[in-house]
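The structure under discussion appears below in the form of structure tokens.
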Protein chains: 2
Amino acid sequence: MNESKRLKRSLLERLVRYCHFMQDKVLDEEITTVSSAQVAAYAELDESQVRKDLAAIGVRGTPRVGYRAADVVSTIRDRLGFDESYKAVLVGAGRLGGAIISYPGFAKYGLHIVAIVDSDPRKTGSMISGLVVQPMHRLGQIVRREQIELGILTVPRASAQVTADRLIDLEIKALWNFAPIWISVPDDVHVRNEHLSVGLADLAYHLSG
Amino acid sequence: MNESKRLKRSLLERLVRYCHFMQDKVLDEEITTVSSAQVAAYAELDESQVRKDLAAIGVRGTPRVGYRAADVVSTIRDRLGFDESYKAVLVGAGRLGGAIISYPGFAKYGLHIVAIVDSDPRKTGSMISGLVVQPMHRLGQIVRREQIELGILTVPRASAQVTADRLIDLEIKALWNFAPIWISVPDDVHVRNEHLSVGLADLAYHLSG
DNA sequence: CTCAAGTAGTGATTTTTTTCCCGATTAAAG
DNA sequence: CTTTAATCGGGAAAAAAATCACTACTTGAG
């Protein structure tokens, strides 16, 4: 049901945050309804912003009561596609790869890392969170056999674009890049560059100001 | 000289990207000038956007030639504070902490991680990239003695806010949080939450669309 | 020396995003 | 049943961001 129109990235970020807040509320404090004002206070936004965002994804509240937290969570999850299931391959079994794969929340978003690949023969064969690190030359087989849609890049900067290109050639649908470079991709592939230097710049800027 | 007015976050992100592009150009291809069109093509933006951004930080180009890449880089670095020096403490010597500390580019942004702290006695005393992991109870001493301005949080979700509060109490200036939670801080502390779930949501959304 | 073409600079315009505001609705109290 | 207070919904206004369109400048060619 999550079609209608493309959600803007900023909206998407806010929704994720609302969702977190709601889940905390619902799970931790057993509150069933929340007002836009409460959400706004948490997310440090305007109340109207929250109401508009929720309206945009079709959540309805009731006057004098607020929104049902469970509604908000389930609608966000539905619209954002968290309840579907996606397979991913992680390329690059270094420290960063290890850290990312141990992130305790992929499944909650529908993401399943089904394979790990690394070009270093010293790493292949070892186990990382229940998966055997595969050699690079099996990437194609793996992606095709498992019908993998997402590639997670935790390779060094120098091999990031090359690896991306290879995955694109294997008709991967999306890339999540952690190498310090902006990967370029064709229009039909979605890429998210998780670039530490943006954060670094943000901090340096604020510390210097 | 980096005062005048607060740069918007979106502008900041674009500037970081310009800077990367320029550095690649200058270093790799020995090109000394670039046109706004080239930068725009790389960053997938409008040419005017690039010109406005560069004008905003005071970079001047010359008609028929473009901008001097070296100018752009040095002005961005100056305005964003990369040439100053900041001390940071990393709290949480787990996998993620290890991955982050080994990121090969902190120094380029003026950031120096001068201490690592962890609450787990099994980790204290061990070495991570040249630093001895210190026990948690020495955090205060370390922050004060070294005059640390930035705290990098790579602790588990459950201890993130507590650790943040402690650092805030030690009058830290900024926090870089990698735990999957939005840290809340007083107005005078700058926080950047590096929240993997935003990326995850972005990907799930695009894969489902 | 003049002309042509490429490029920066910038004011105007459009689009998008955010905020403001108020009427409508609901639940609870009297 | 009526009143009151809290809250949503959505239109309007304001602010911010992006894009457009044009001018002016600079270089290199003829």
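Below, chain A is the first sequence line, B the second, and so on; all start at residue 1.
- Closest to the Pro63(A) side chain, of the nucleotides dT27(D), dT19(D), dT26(C), is dT26(C).
- As judged by a 4.0 angstrom heavy-atom cut-off over every strand, Ser48(B) is placed among the base-contacting residues.
- The CD atom of Glu47(B) sits 14 Å away from the C1' atom of dC22(D) (whole-angstrom rounding).
- A cation-pi arrangement is not found for Arg60(A) relative to Tyr67(A), the charged atom failing to lie both closer than 6.0 Å to the ring centre and inside a 45° cone about the ring normal.
- When distances run from any side-chain atom of Ser35(A) to the nucleotides dA4(C), dT7(D), dG9(C), the shortest one goes to dT7(D).
- The local environment of CD in Glu146(A) is crowded, with over 12 non-hydrogen atoms from other residues, nucleotides or ligands closer than 6.0 Å.
- Lys52(B) has its NZ atom 11 Å from the P atom of dA12(C), to the nearest Å.
- Per the geometry, CG belonging to Leu12(A) stands 13 Å off P belonging to dT17(C), to the nearest Å.
- Dashed line: the shortest gap from a side-chain N or O of Arg51(B) to OP1 or OP2 of dC22(D) is not under 4.0 Å.
- Using cut-offs of 30° and 60° for the angle between ring planes, the His206(B) and His190(A) rings count as parallel.
- Atom CG in Asp46(A) sits roughly 13 Å away from atom C1' in dA13(D) (whole-Å rounding).
- Among the nucleotides dG10(D), dA17(D), dG28(D), the one closest to any side-chain atom of Lys8(B) is dA17(D).
- Residue whose closest nucleotide on DNA chain C sits further toward the 5' end, between Thr62(A) and Leu45(A): Leu45(A).
- Evaluation of atom-type donor-acceptor distances gives no pair under 3.5 Å for the side chain of Arg64(A) against the base of dT7(D).
- At the phosphate of dG9(C), OP1 or OP2 sits under 4.0 Å from a side-chain N or O atom of Tyr67(B).
- The aromatic ring centres of Tyr103(A) and Phe106(A) sit less than 6.0 Å apart.
- The side chain of Ser36(A) approaches dC8(D) more closely than any other nucleotide in the set dT27(D), dT10(C), dC8(D).
- Nearest-nucleotide positions on DNA chain C place Ser10(A) closer to the 5' end than the other of Ser10(A) and Val65(A).
- Atom CZ in Arg9(B) sits about 13 Å away from atom P in dA18(D), given to the nearest Å.
- Between the CD atom of Gln49(B) and the C1' atom of dT16(C) there is a distance of 13 Å, rounded to whole Å.
- Nucleotide dT10(C) holds its C1' atom 10 Å from the CZ atom of Arg60(B), rounded to whole Å.
- The distance from atom CD of Glu13(B) to atom P of dA17(D) is 13 Å, rounded to the nearest whole Å.
- With respect to Asp24(B) and Arg157(A), a salt bridge is recorded, a charged nitrogen being found less than 4.0 Å from a carboxylate O.
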